[in-house]
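A short worksheet on the structure shown next.
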Amino acid sequence: MGFDNVLITGAGGFLGSHLTERLLKKGHRVIAVDNFCTGLKSNRPYLESLPEAQDRLFFVEADVTAPWEPWLKNLPDFVLKKVSHVLHFASPASPPLYQEMALETMWVNSIGTNRAMEFADGVGARVVFASTSEIYGDPDITPQPESYWGNVNTVGIRSCYDEAKRFGESLIFTHNLKKNTRHGFVRIFNTYGPRMNPSDGRVVINLLVQALDGKPLTIFGEGKQTRSFCYVDDLCAGIELYAQSELTEPVNIGNDREFTILELAQIVQRMFPEKKLDIRFMEMPKDDPRQRRPDLTKAKKHLQGWAPRIALEDGLVHMRRWLESQARA
Ligand SMILES: NC(=O)c1ccc[n+]([C@@H]2O[C@H](COP(=O)([O-])OP(=O)(O)OC[C@H]3O[C@@H](n4cnc5c(N)ncnc54)[C@H](O)[C@@H]3O)[C@@H](O)[C@H]2O)c1
């Protein structure tokens, strides 16, 4: 199913802003919705300044858990009628922020997902919901295939996010079953790149900001926990292919090269040899997953041979350059 006009929730955030830019550059109209509770405020003027945005970007500042009618009625009919996809990406995503906004996180992935599907059903569009590798919790197997049901603590500090995403998946599955629709969801593994909020607390941006400030690099525990890091352009390419497919089942999208957090900190150390950065070990937070690595077999099979291409070392250089340009601006 090819793209026509696209409505993106969370379009002012990290992933949403990249998806918005990518689709504008491919000639589509984008309705971009965000309440900026976590997204970087400068992402809106950045997107609006793109030559491709003139007459084709419709930016709405709104909370997607509230009724959509008050802002939908201000959008031109010719734009609304031709919405082919709703990419529902609104949600706090970093552990410190989703724990601070725990209830809002639960509502945006449940009520927000329901509102996205109600709107989409009205115009005949397909929803793609941004789910997460966190639905696997602290996994007992690695790499994690989509068939793994996960190991999640329902009453832990991460459950507001993990369980909200699990509920979002279940809501889409049940909605498809009962209403004969074809909405889908992707399970996104740790993704990094320019336009992340520098204060959002996720590990890659944290380490780079600390390095640029010449501060010690802080990691949890002994840094033996593993993660795999996907550069944002690779992720957006996978999401685009999933959205255009007819798939309704989950597909993992990420990068399957696995690093310990200590190895990541050492790569960052080597990027800034002149700063002689120390690594500081902090107390391990509760329920932190020990390992994270996607099984990408399904993505490679169903998404036209898609595979991540950008090496961590190269992606980190792009991100460093962006952070330095922000400091100069
Ligand atoms: N980046 C990753 O590594 C990753 C991994 C797994 C899943 N995801 C999912 O992808 C999506 C985007 O994540 P991100 O990394 O871009 O995070 P982000 O915080 O940069 O972007 C999320 C955006 O959603 C907006 N938002 C939140 N609640 C809202 C609401 N009620 N109404 C309107 N806007 C709202 C925020 O202001 C923000 O701009 C999230 O759903 C997240 O759970 C991201």
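When a ligand or atom number is given, it counts from 1 through the structure's own listing order. Just so you know, these numbers come straight off a predicted model, no measurement behind them.
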For ligand 1, the portion of Lys165 having any non-hydrogen atom under 4.0 Å away = side chain
Determine whether Val30 and Arg56 make a side-chain contact, defined as any pair of heavy atoms from C-beta on separated by less than 4.5 Å.
-> no
Would you find a donor on one side and an acceptor on the other, under 3.5 Å apart, between the side chain of Trp306 and the backbone of Asp234?
-> yes
Val108 contact mode with ligand 1 (heavy-atom cut-off under 4.0 Å) | side chain
Between the side chain of Asp256 and the main-chain N/O of Ser228, is any donor-acceptor distance below 3.5 Å?
-> no
Within-shell test, Met196 vs ligand 1, heavy atom, strictly < 4.0 Å | no
Give the residue and atom name of whichever protein heavy atom lies nearest to atom 30 (C) of ligand 1, and the separation in Å to one decimal.
-> Asn35 ND2, 3.5 Å
Atom 5 (C) of ligand 1 - nearest protein heavy atom and its distance | Ile188 CG2, 3.5 Å
Fit a plane to each ring of His18 and Phe14, take the angle between them on a 0 to 90° scale, and name the class: parallel (under 30°), tilted (30 to 60°) or perpendicular (over 60°).
-> perpendicular
Do Arg187 and Tyr136 have side-chain N/O donor and acceptor atoms under 3.5 Å apart?
-> yes
Numbered atoms of ligand 1 (with element) below 4.0 Å of Asn190, judged on heavy atoms = 3 (O)
What are the atoms of ligand 1, with element, lying closer than 4.0 Å to any heavy atom of Gly12?
-> 39 (O)
Which protein heavy atom lies closest to atom 3 (O) of ligand 1, and at what distance to 0.1 Å?
-> Thr191 N, 2.8 Å
More than 12 heavy atoms of other residues, nucleotides or ligands under 6.0 Å from CD of Glu283: is that the case?
-> no
Looking only at N/O atoms, are Pro92 and ligand 1 under 3.5 Å apart anywhere?
-> no
For Val64, counting its heavy atoms only, list the atoms of ligand 1 lying under 4.0 Å from any of them.
-> 30 (C), 31 (N), 32 (N), 33 (C)
Does at least one non-hydrogen atom of Arg202 fall below 4.0 angstrom from an atom of ligand 1?
-> yes
Find all atoms of ligand 1 within a distance of less than 4.0 Å from any non-hydrogen atom belonging to Ala90, and give their numbers and elements.
-> 24 (O), 26 (N), 29 (C), 34 (N), 35 (C)
Just distances here: any N/O of Ser133 and N/O of ligand 1 closer than 3.5 Å?
-> no
Note: ligand 1 atoms sitting under 4.0 Å from heavy atoms of Ala130 are 9 (C), 10 (O), 11 (C), 41 (O)
Under 3.5 Å, is there a donor-acceptor pair between the Asn109 and Ser91 side chains?
-> yes
Heavy atom of Gly112, distance to ligand 1 below 4.0 Å = no
Ile239 vs Cys236 side-chain heavy atoms within contact, under 4.5 Å = no
Under 4.0 Å from a heavy atom of Phe36: give me the atoms of ligand 1 that qualify, with their elements.
-> 37 (O)
Side chains of Glu61 and Asp34 in contact at under 4.5 Å (non-hydrogen atoms) = no
Considering only non-hydrogen protein atoms, determine which one is nearest to atom 19 (O) of ligand 1 and report residue, atom name and distance to 0.1 Å.
-> Thr38 OG1, 2.7 Å
Ala62 to ligand 1, any heavy atom closer than 4.0 Å | yes
Among Ile253, Leu15, Ile8, which residue places a heavy atom closest to atom 16 (O) of ligand 1?
-> Leu15
Any idea which atoms of ligand 1 are less than 4.0 Å away from a heavy-atom of Asp63?
-> 30 (C), 31 (N), 32 (N)
Would you check whether Thr132 has a nitrogen or oxygen atom less than 3.5 angstrom from a nitrogen or oxygen atom of ligand 1?
-> no
What do you reckon, does Thr9 put a non-hydrogen atom under 4.0 Å from ligand 1?
-> no
Would you indicate which of Gly13, Cys37, Gly10 comes nearest to atom 28 (N) of ligand 1 when only heavy atoms are counted?
-> Cys37
Hey, does Gly16 come in under 3.5 Å of ligand 1, counting only N/O atoms on both sides?
-> no
With Arg320 as the cation and Phe272 as the aromatic partner, state whether NZ or CZ is under 6.0 Å from the six-membered ring centre and within 45° of the axis.
-> yes
Among all protein heavy atoms, pick the one closest to atom 25 (C) of ligand 1 and tell me residue, atom and distance.
-> Asp34 OD1, 3.3 Å
Atom 24 (O) of ligand 1: of Cys230, Ser91, Ser94, the nearest heavy atom sits on Ser91
Leu171 versus Met117: any side-chain heavy-atom pair under 4.5 Å?
-> yes
According to the interplanar angle, ranging from 0 to 90°, do the rings of His88 and Phe129 count as parallel (below 30°), tilted (30 to 60°) or perpendicular (above 60°)?
-> parallel
From the candidates Phe229, Tyr161, Phe89, the one that places a heavy atom nearest atom 42 (C) of ligand 1 | Tyr161
Fit a plane to each ring of Phe119 and Trp68, take the angle between them on a 0 to 90° scale, and name the class: parallel (under 30°), tilted (30 to 60°) or perpendicular (over 60°).
-> tilted
For the hydrophobic clusters of this structure (ILVMFWY residues joined by side-chain heavy atoms under 4.5 Å, transitively), does one cluster hold both Val33 and Ile111?
-> no
Proximity to ligand 1 by part of Ala11, non-hydrogen separation under 4.0 Å = neither
Find all atoms of ligand 1 within a distance of less than 4.0 Å from any non-hydrogen atom belonging to Phe14, and give their numbers and elements.
-> 1 (N), 15 (O), 16 (O), 18 (P), 20 (O), 21 (O)
Kindly assign one of parallel, tilted or perpendicular to the pair Phe229 and Phe259, based on the angle between their ring planes and the thresholds 30° and 60°.
-> tilted
Which value, rounded to the nearest 0.5 Å, describes the distance between Tyr231 atom OH and Ile310 atom CD1?
-> 6.5 Å
